[in-house]
Structure formats: structure tokens, C-alpha cells
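Letters A, B, ... are given to chains in the order of the sequence lines, protein chains preceding strands, and every chain is numbered from 1. Just so it is clear, the values below take in all heavy atoms, side chains as well, and ignore hydrogens, waters and symmetry mates.
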Amino acid sequence: MSEINYVIEATDLTKQFGDFKAVNAISFNVKKGEIFGFLGANGAGKTTAMKMLIGISNPTSGAANVAGFDVFTQAESIKKNIGYMSQKFALYDDLTVKENITFFGGIYGLSRATLKQKINALIEELGLHDIADNLVGALPLGWKQKLAFSVALLHNPKIVFLDEPTGGVDPITRRQFWEMIYKAAHEGTTIFVTTHYMDEAEYCDRVSIMVNGKIEALDTPKKLKEQFKVTSMNNVFLKLARG
Amino acid sequence: MKLFIGFIKKEFYHILRDRRSLFILFGMPIVQILLFGFAITNEINNVNIAILDHSKDVTTQNIINKISASKYFSVNQFIEKEQDIESVFKKGKTKAVISFQNDFNQNLVKNGHATIQIITDATDPNTANTISNYVNAIIQSHVKELNKGINIEYQIIPETHMVYNPELKSVFMFVPGIMTVILMLVSAMMTSISITREKELGTMEVILVSPLKPIQVIAGKVIPYIALSVINATVIIILSIFIFEMPVQGSLILLGFESILFIITALALGILISTVSATQQTAMMISLMGLMLPVIILSGFIFPISSMPVPLQIISNIIPAKWFIIIIKAIMLKGVGFSFIWKETLILLVMTLFFIGLSIKKYKIRLD
Amino acid sequence: MSISVNHISKSYKSIQALQDISFNVNEGELFGLIGPDGAGKTTLFRILTTLLIADTGQASVAGYDVIKDYKAIRNCVGYMPGKFSLYQDLTVEENLEFFATIFKTTIEANYHLIKDIYVQIEPFKNRRAGKLSGGMKQKLALCCALIHKPKVLFLDEPTTGVDPVSRKEFWDMLKRLQQKGITILVSTPYMDEAALCDRVAFIQNGELLEIGTPKNIVKEYSKKLYNVKSDNMYQLIDSLNTFKYTYSAYPFGEFVHYTDTRDEFDIKELHSYLKDKGLHNITIEITNPTIEDTFMALAK
């Protein structure tokens, strides 16, 4: 019995397309309430690995347990216990703020009363009073992403997967976004995040770096910098990915 | 010129590498024509016919013998008066009545021509049409025999009457219509989609910021589709001739040129559509709603124009497909030459030039 | 002057995309347009590449007016739009060949210009562009924009969504192109890339915030900036945000960058405030502002 409460446990997780091993036997654990940075170059296998963890792609071999459920046999239970937000798709542009929240809340089976209460709380928290009935498409990107993150948290998931959530967002909003991440983590939600901003890698409790389908480094940002004898995560990344 | 060839080469790569568009281009026309064709044609065999012989002479007897000897027909009834025809049809077993006029042989010998009436039950229009064609064929072969070694030629004039469904539809009527629909669909929809796809991908931006002139872009998009549509038209005609034994009476070359003209009309419309739509989806919807429906409904393909309300009749004049159907029906079924269809051709040509002019004018040299 | 922009404004319906923008780019300069998504960068690029017409103001590129002489501009600029505009169903080589042909040139004629970049993707020249990774697509798109030897190169967010390694390689390539005499206007949402440009313009909500060399821009940061660190990031930010003298507090890597509303302030005071809030291992030290600090200060 391990003393630490792991919410993600991956062991030799592998995904193979033909001869090509997109994800090559990766093993790692993520603790409850941790902010886990999942980094890697384009094409290193991040997205493929993430798809396996959120239960929409079956691993070729290996094992993984997410939120207490097995990715092979209990994918449906996993989906109920996680939140997901990606840069490409987060909310429906042609629905209003309220409609989006109601829709996504409904998907996870929140009751009407809870939903109403959540909507009000959320609008309050994000300061969206004046625009609650506006179409999401008309919001600035940063607001959209903040709203999407809150929506991903609506059903109190154990883990939230964020796929490049802050791409293209202005620096101030980006920081507000991270403050929201800290808050969620502080309240016990585990955050699994990918990003291309290396300064954001520093915000994570632990960071893994994937190169060609394998995890080549996994530790706290501080220890990684010490290990590679550099001053920033950017340089850690460059050193590793350049080989 | 090299620039132009480069552009066309690229278009061909797009088309040949996309299985879906290849299927729309070639699979669909074939499937459609076969579906339409086979749904409508059926070989006739031992069809019951009745004879009303007012003359009862040698020639009529010979013809009756020939008809009943063929495997297609069996003469099951002889009737005596015109009034009986209706009751014969009402029983439903008899599909056609052949009626010889009085003094048939005498007329033929003395005046050189005589008349046969072929009355068919056109509730099943295809059968009716086939029957009258077959009877005609038998009569004509008889006439040929009669005329052997004779200076003055005898003529038997068959008069075909169809009861119950005077507006006859059949595979021969369908082929020109289907050809029109397919050429319109393939040409207009495919070009409008291929242009809007570049808008969606963002490659249109790069093309705009290049020395290419609008006319070059348009021509580069259009020429591959002209080539493919010509192949399509050829396939349709070959299918109709060899599978449905459709007679193409007129000049194939004329038919070819008229088809190319119509293809260009459709392509110009396709480009016009792409100038007003930003996405492939819109382009497809406009092509389907804006082009396909009028082509099917207002061109005379399915509903005869003469039986439409007057306002629709007037509107039908601006549908290019209407004129093309008139032209190809005239060439394929009537076998007429250019002198009979120059007016329709001119109308189509003017329309085409108008659409090309408009699409070049509307083609934006900038984004909006 | 290679690019000159004078009082350009542009709006779409109710949205003001650009508001009275003016700046110049010198010949052979590597000029960066830095700002988040929706700042108006793409609109400005489209105006300069003659794809859009501004509501008011004038602009010229390589000495040609963007409206009157649009044909001349289209002959002499290279443009790489935001999404790498490649034909996904064409191979690497076919894409390059196509773009060479429409600019009336050949790959051979200007191969020297793209050689450095092209050799990296040449092993995949028979692969369809749709199957390339983000970094390789970016390189191919750059080759395609360069193949006709443009005088001015417009690169709209060429590094967005691309990993740090590919980004670094890309900027190295731009530096080499600059040495070949090509003027480059590049836009990016990544603040750290600003330092790699000769000069930059900050843009947000359609307005220019600042223009200058990266060094000078940083110098204009007027407030004293402090690195604050503790064992609990969340509580640290939370505490700083509720501190009554906080002017700004933004997380920056492992630190929080803090500025105070007062000109004179005692580090000890903040230290004891944080300690009262239950934080441990607190360090507060003065630090140098980065370009990102400057941008945030200007955008605030």
C-alpha cells in the first residue's frame, strides 16, 4: 500500500500506430491536488498520451489508472470524474455564456437547482454580470478560456486535463488563468496541463518532458534546473529536446 | 503559360487525391443514370394486344401475323368497333390496341400510304413507349419488304396514341434531364467547393498576395473541371446508348459542343457561388438549393413547362438548364441539326458570357 | 523605409480592430509586432499585404502604396498567414513547386535562399503537407513564402502552437534571412520572442502601446520590481492580491513579480505581512523587469 494518494498511475503505457510507437512505455504517477505539467515538442506524443488518459483512445499495451478507474475497462467512469478543456475547442461560440454553462452542466447530470446556483456563483466569480446573455463568440479569447476552465470544473471533477489552455492569451489574462489553476489545485483538484510557454512550466509542482514518445525527465522545476545545470525551464527543455 | 499549367496541375492533384470528390465526379453519375435507367425500363415480353381491323385485307393480315409471331406480343382479342377500345383497356389485361383504317391495302396501293393507329395504355409510360416503338419497328420492316424492287415507295404511317398519360416520361426523356442535372451538380458544386476550400485553409490569402490575375485563378480552377465534366458527359451518353439503347439521332459532335457550352455555364455559376460564400458548407448549400432545385423542377426535366402556371413559365426562361434540355432533346431524340437549335444555343451562350463576366467582376482581389 | 504605416484605422461592424496605428520599418530590419490574439495583428498584416483596405490612413510597402500599387506589392512580398497556408493534400515538394510557379520562378533559381531551411524537411519531400508535424509545416510554409525572393517578408504568428525547440530554430533562420537583406515583419503572442527583434511594437486591442528596441522598452519600466517567493504559491498570490499597497502582483516562473503603490517602501513590512498570513521561506528581492513586465505595465 502506498501512503500517497495517486489519482493518475500510468505503467508502461504504450500506443502504437503501425510500426510507429507514438507513446513508448511511459510510466508516471500524479498526486492528488498536484499541478502536473506535461511538456514535449510537437509530435512527441503528448496528445496521444492525453487521449489515452481521458479514456477516448485505447492503449496498445501497459496499464493506467485515472481517478481510480482503469483506462481499458472503465473509460466511461473516467469521463464522469474528469474535466477536459482544449485550446481548439472549449465552448460553443453561438451559445450565450449562460447557455454554455447550462449545457455543459447538463451533460454531467447536474440538477436544475445545483446548476442555477452554480451559474450564479460562476458569473459572480468571473465578473460576467453584464455579458451573461452575450454570445461566447464575441468574448475576448482570454475570457473565453477562463470561462471554459470554470465550466470544466462545474461537476467537481477529481482531475482536470488542460490541453494548451493559454495559447495566444494576453500575459495578464494568462496570469489570471493560472491564479484560477492554483485556486482549483488548492481546493484539491488535480491539474494535468500541457503548454508551450516555458514560464508556465515553472508554475507546475512537477513537470514531465516527453521526447519521441518517451518521458525523458520528470521532477519539480527546481530539481530539473539543478539536474541540467541551467537557470530556466526553457533551457531544460532545449537541452533535452535537442539531445 | 507555365504558371497556368502549374496551377492546373495542382488542381488535378487535389481532385485525384480526394476519394470523396472522385466519387462525386465519377461514381455518382454512373450510379444515378443506372438507377434512373433501370428503375424505368423493363423489357416487354408477350404483351397482350388487341386488334381493331376495319379493313381485313391481305396487308393487314400479314402485319397482324408478323406482330403475333414476335415474342414480344400476343394478340389476345379482336374487336369490332372503336367504342370497345376503352372497355378493353379497363379490363387491364391488354396493353395496346392496334387499329387499321378502312381500305388499308387499297389506300396503300393507290395512294402510296396508309395509316395504323397504335393506342397504348400509358399508365405505365415506359411499357407504353416500348410497345409503340416495337410495333413501329415491325411495321417498318414489313414496309421494307413491300418496297423491295418497287419504284414507287409505299408508306405506312403509324399514329401513336397514348391514353391516360399523354405527357409521356421514359428513359429516353430522362437521359437528357439526368445529364443536365449531373453536369450542373458536378461542375457548379465542385468548383465552388474547391474555391471555398482554399478560403477555409487560408491558401487563398497566399494566392491573392501573388502576381496571379483573377482570370488566371478562375481559368485554372475551371479547366480541370471542364475536362472532367466532358468525360462525365461522354460516360453518360455511352451508357445511354449501350445499356438503354437510346437512339442518338443527331450529330455527336454537335452534342459535344453544346455540352461543353453548358458545362462552362455551370462552372461560371459555381465560381459566382464561391464569390459569395465563405465556407465549403455554404457553397454546397447554395449549389444544392440555388441550382439543383430549379434544374430539377423548373427546367422541364420532370414537370412539363407548358403545364406550369404562367409566372413559373416565365421564370423557367432564366434557367440555363431549360435551354440545354431543349437542345439535347432535339439533338438526341429528333436528330435535328444546328439550324434548328441556334436560337437556344445563342440564349445559353449569352447567359454563359454574362455569368463569366459577373464572376470575374465579383471575384475579389482582396479579402472582405 | 521599407514599410511605412500612417494613422491606419480599421473597424469591422462594431469592433474597432485597429486604431490610428503609425510606425515605420527600416530596410533590412527584423521588426516584431507583439500582442495577444485579437489585438489586431492579423488585420494590420492583411492591410499591408493588400488583402484589406483600411478605413482611414495610408501605408506603403517597399515604396509602393498599398492601395494604388497593390499589384507591385504582390510581386515583391512574401506572406505567411497565421495558419500555415499549405495544400494538405500536396507533398512538400509539390507545395514548394506550386508556390514557385505562381510567382513565376523556379525552386532552382532561388534555392540558395531556402537551402538552410529546406534541407531539414527535404527527407520528407514526398510526404503530404497534412502529415507533417507543426514544426515542419512551419518550415515548409516559410520556404514557400521565400521562394520568389521577396524584398519584404510578412510572417503572421509563425511560432504560435510550435514547441520551444522549433521556435528557437525558426528565429535563428529569421536572423540569417535578415542578413541576406530581407526586411521582416513578424508578429507573435510570445513576449520572450520580442527580445530577438531589432525593434518591436506592442499592440493590444487595436492600439499601439509602445515602439522601440527591446532594450529601450525595458528601460522605460519606471517602477521598482520585486521577486517574491514562498513555499505556497497559491497563498502567496492570494495574500499579495489583498495587500493594501499592492500595485501589481503577477506570477512569473517560480516567483511573483510585485510592485508597490508607494515610491518608497520597506521590504520588511511586506515580509512580516506575508509571515502573518502563514507563509514560510519568504524571500523578497529587487529584480530587473522583463519585456513581459513592461507589456503588462503598459496594458494594465
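Of the atoms belonging to A:Ile172, heavy atoms from both backbone and side chain fall under 4.5 Å from chain C. Using a 4.5 Å cut-off between heavy atoms, C:Gln235 touches chain A through its side chain atoms alone. Of the two parts of C:Asp238, neither the backbone nor the side chain holds a non-hydrogen atom closer than 4.5 Å to a non-hydrogen atom of chain A. Contacts of A:Lys46 with chain C are absent, with no heavy-atom separation under 4.5 Å from either backbone or side chain.
For residues 286-297 of chain C, the interface with chain A (any heavy-atom pair closer than 4.5 Å) comprises C:Glu292, C:Phe295, C:Met296, sorted by residue number. Contacts between residues 175-194 of chain A and chain C, defined by a heavy-atom separation under 4.5 Å, are made by A:Arg175, A:Glu179, A:Tyr182, A:Lys183, A:His186.
Here the closest non-hydrogen pair linking C:Pro164 and A:Phe237 is CD-CE2, 3.5 Å.
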Derivation and outcome, side chain to side chain contact (heavy atoms under 4.5 Å, CB included), residues C:Asp37 and A:Val169: CA-CA 6 Å; C:Asp37 280 10; A:Val169 176; over 6 Å; no
List the steps, then state whether side chain to side chain contact (heavy atoms under 4.5 Å, CB included) holds for C:Phe252 with A:Asp199. CA-CA 7 Å; C:Phe252 245 88; A:Asp199 58 331; 5.5 Å; no
Before you tell me yes or no, could you show the steps for A:His196 and C:Tyr190 under side chain to side chain contact (heavy atoms under 4.5 Å, CB included), namely the whole-Å CA-CA distance, both residues' side-chain angles and the distance that decides it to 0.1 Å? CA-CA 10 Å; A:His196 281 320; C:Tyr190 296 102; 3.9 Å; yes
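With rounding to the nearest 0.5 Å, the separation of SG in A:Cys204 from CD in C:Glu254 is 12.5 Å. The structure places CD1 of A:Ile209 at 11.5 Å from CG of C:Asp163, a figure rounded to the nearest 0.5 Å. Here A:Asp170 contributes atom CG and C:Gln204 contributes atom CD; the two are 5.0 Å apart, rounded to the nearest 0.5 Å.
For the set A:Pro221, A:Ala44, A:Ala138, A:Ala41, the count of heavy-atom pairs under 4.5 angstrom toward chain C peaks at A:Ala41. For chain C, the option among A:Met233, A:Glu202, A:Arg174, A:Lys222 with the highest count of heavy-atom pairs below 4.5 Å is A:Glu202.
Atom NZ of A:Lys51 has 12 or fewer heavy atoms from other residues, nucleotides or ligands within 6.0 Å. Counting non-hydrogen atoms of other residues, nucleotides and ligands closer than 6.0 Å to NZ of A:Lys214 gives a total of 12 or fewer. Counted within 6.0 Å of CG on A:Asn212, heavy atoms from surrounding residues, nucleotides or ligands total 12 or fewer; the atom is thus considered open. With a 6.0 Å radius and a threshold of 12 heavy atoms from other residues, nucleotides or ligands, C:Lys175 has its NZ atom above the threshold.
In this structure, A:Pro171 and C:Met191 have side chains that are in contact, with non-hydrogen atoms separated by less than 4.5 Å.
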